[in-house]
Amino acid sequence: MATQSTRKILNPSGTNDSPQAQQYTKGELNIDQLVPSPIDQFNTWFSHAQAEKVHQPETVTLSTAELPSGRVSARMVYLKEVDSTGFVIYSNWGTSRKAVDVASNPRAALTFWWHELERQVRVEGPCERLSSEESQVYYDTRIRGSRIGAWASQQSKALKGREELEQQVSDVEKKFDGKDEIPVPEFWGGLRVKPEMVEFWQGRPSRLHDRFRYTKSEGVDGEWKIDRLSP
C-alpha cells in the first residue's frame, strides 16, 4: 500500500520576522504613467533600476519549451541589448538545452524581477538568432577569458570532471595564443526575443498588484494595445 505524503504548507518569513508574506508598498502604477511603446517603457524602468542601484537589473530568466514534448526549461541569463526589434541575450546555440528548445519551438519568454523596486517585467514572443557579424560586435567586448570560454565549453554536455573542462580551455588558449582578435564561434551568439506581449507589474499591498499588459496588433501598423489586468 502506498504511503500517503503529508502535505506541508510553507509560510515564508516576511518583514520583521512575520509569518505572513511581505507586503509590497514601494509604489503604484497607473495607465497615465505608461508610454505607448513597451520598449520605451522598459528603458524607463531599467534606467530607474540602475539609478536605484538594483543588483544586476540585467539579470533575467529565459524560459523555453521543446516540442513536441512541451517540456519547459528556464535559466538565469544576462540581457545585453534592447532596441526597437527586441531583447537580446547571448549563449551557446550548439549544445545547450535552450538550443534544443529553440530549434523545435522558436519562441521564448523573459522574466525580470527587481526586488528593490518591487517590480516585475514579463516578455513573450518569437525569437531569432543574430548573425555572426552582429554577435561579433558584442563578443569583442568580453574579456579574453570569456571569449576563450565560449569556444571551450560544450554547454550542457556531461563532463567526466573539472579536469576535462580545464583541458578544453587549455587547448583553445593554445589555438589562439598570441592573437588579440578571436572570431566568434559559429555555434555561439545572440538570440533576439521579439516581443508580442510585455507586462509591467508593480507590487501593491494585499497582493492587489498593478499589472499592465502591452499586446501587439496584427495589423501592418504594429500598434500596441494596453490593458490593465486583474492581479
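Below, each value reflects all heavy atoms present in this structure, side chains not excepted, and no hydrogens, waters or symmetry copies.
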### D83 side chain to T85 backbone, donor-acceptor under 3.5 Å
yes

### Task
Could you walk me through whether R119 and W45 pass side-chain contact (heavy atoms from CB on, under 4.5 Å), step by step?
CA-CA 9 Å; R119 285 177 171 176; W45 268 28; 3.5 Å; yes

### Message
So that I know where these two stand, are F200 and Y214 an aromatic pair - ring centroids less than 6.0 Å apart?
### Response
yes

### Query
Going by the angle between their ring planes, with limits at 30° and 60°, are H209 and W201 parallel, tilted or perpendicular?
tilted

#### Entry: S131 backbone acceptor or donor facing S135 side chain under 3.5 Å
yes

#### Entry: With F87, the side-chain contact (heavy atoms from CB on, under 4.5 Å) member among V121, V60, I39
I39

### Message
Any carboxylate oxygen within less than 4.0 angstrom of a Lys/Arg side-chain nitrogen, looking at D210 and R228?
### Response
yes

### Query
Which heavy-atom pair separates Q41 from V35 by the least distance, and what is that distance?
OE1-N, 3.1 Å

#### Entry: Test item: T44 side-chain N/O and D40 main-chain N/O as donor-acceptor pair under 3.5 Å
yes

### Query
Are V88 and V102 grouped together when hydrophobic residues (ILVMFWY) are joined by side-chain heavy atoms under 4.5 angstrom apart?
no

### Trace of the side-chain hydrogen bond (donor to acceptor under 3.5 Å, both in side chains) decision for S69 with E66
CA-CA 6 Å; S69 69; E66 180 189 40; 3.1 Å; yes

### Query
Any sub-3.5 Å donor-acceptor pair from E164's side-chain atoms to K160's backbone N or O?
yes

### No-hydrogen, no-angle side-chain donor-acceptor test under 3.5 Å, S73 and T64
yes

### Message
For a quick check under 3.5 Å, do K26 and Q202 share a side-chain donor-acceptor pair by atom type?
### Response
no

### Message
Is it the case that atom NZ in K80 sees more than 12 heavy atoms from other parts of the structure closer than 6.0 Å?
### Response
yes

### Message
Are L29 and I31 linked, directly or through intermediate hydrophobic residues, by side-chain heavy-atom contacts shorter than 4.5 Å (ILVMFWY only)?
### Response
yes

### Task
Report yes if some heavy atom in the side chain of E28 is under 4.5 Å from a heavy atom in the side chain of R204; otherwise report no.
yes

### Query
From F212 CZ over to N30 CG, what is the distance, rounded to the nearest 0.5 angstrom?
6.0 Å

### Query
Between P195 and W224, is any pair of side-chain heavy atoms under 4.5 Å apart?
yes

### Task
Would you name the heavy atoms of D180 and R144 that are closest together and state the gap between them?
CA-NH1, 4.2 Å

### Summary
Here the gap from L130 atom CG to Q136 atom CD, rounded to the nearest 0.5 Å, amounts to 12.5 Å

### Query
If you round to the nearest 0.5 Å, how far is CD of E81 from CD1 of I89?
10.5 Å

### Query
Hey, quick one: are V82 and L117 part of the same hydrophobic cluster, counting side-chain heavy atoms closer than 4.5 Å, chains of contacts allowed?
yes

### Task
Inspect the contact between E199 and R211 and indicate whether a charged nitrogen and a carboxylate oxygen are less than 4.0 angstrom apart.
yes

### Message
Regarding R192 and E134, does a basic nitrogen lie under 4.0 Å from an acidic carboxylate oxygen?
### Response
yes

### Message
Is there a side-chain contact (heavy atoms from CB on, under 4.5 Å) between E223 and K225? Walk through the geometry before answering.
### Response
CA-CA 7 Å; E223 291 184 352; K225 177 185 177 184; over 6 Å; no

### Query
Does some side-chain heavy atom of S206 sit less than 4.5 Å from a side-chain heavy atom of Q23?
yes

### Task
Identify whether V184 and Y90 are in the same connected component of the hydrophobic contact network (ILVMFWY, side-chain heavy atoms under 4.5 Å).
yes

### Query
Is the F42 ring parallel, tilted or perpendicular to the F112 ring (thresholds 30°, 60°)?
tilted

### Summary
One should read off an interatomic distance between R107 CZ and E196 CD, to the nearest 0.5 angstrom, of 4.5 Å

### Task
Classify the side-chain pair Q155/S91 by whether it contains a donor and acceptor separated by less than 3.5 Å.
yes

### Task
Specify the closest pair of heavy atoms between P183 and Y139, including all atoms of both residues, with the distance to one decimal.
O-CE2, 3.6 Å

### Task
Take the angle between the ring planes of F176 and W151 and call it parallel below 30°, perpendicular above 60°, tilted in between.
tilted

### Query
Does R97 pair with D101 as a salt bridge, N-O distance under 4.0 Å?
yes

### Query
Would T61 and R75 satisfy side-chain contact (heavy atoms from CB on, under 4.5 Å), going step by step from the backbone distance to the final call?
CA-CA 5 Å; T61 300; R75 73 288 291 160; over 6 Å; no

#### Entry: 4.5 Å side-chain heavy-atom contact, M197 and K216
no

### Query
Thinking salt bridges, do E128 and K194 make one under a 4.0 Å N-O criterion?
yes

### Message
Before you tell me yes or no, could you show the steps for V198 and R213 under side-chain contact (heavy atoms from CB on, under 4.5 Å), namely the whole-Å CA-CA distance, both residues' side-chain angles and the distance that decides it to 0.1 Å?
### Response
CA-CA 6 Å; V198 184; R213 178 185 63 197; over 6 Å; no

#### Entry: Check: S153 side chain, G149 main-chain N or O, donor-acceptor pair, under 3.5 Å
no

### Summary
Between the CD atom in Q167 and the CZ atom in R162, the distance rounded to the nearest 0.5 Å is 13.0 Å

### Task
Please check if any side-chain donor atom of E173 sits under 3.5 Å from a side-chain acceptor atom of S170, or the reverse.
no

### Query
Any idea which heavy atoms bring P205 and T25 closest together, and the distance?
CG-CG2, 4.0 Å

### Query
Does A65 offer a backbone N or O that forms a donor-acceptor pair with the side chain of N105 under 3.5 Å?
yes

### Query
Would you say S96's side chain and W93's backbone share a donor-acceptor pair under 3.5 angstrom?
no

#### Entry: L110-Y138 co-clustered via ILVMFWY side chain contacts under 4.5 Å
no

### Task
Can you see which heavy atom on P57 is nearest to which on W114, and at what distance?
O-NE1, 2.9 Å

#### Entry: Rounded distance [0.5 Å steps], CH2 in W188 versus CZ in R147
10.5 Å

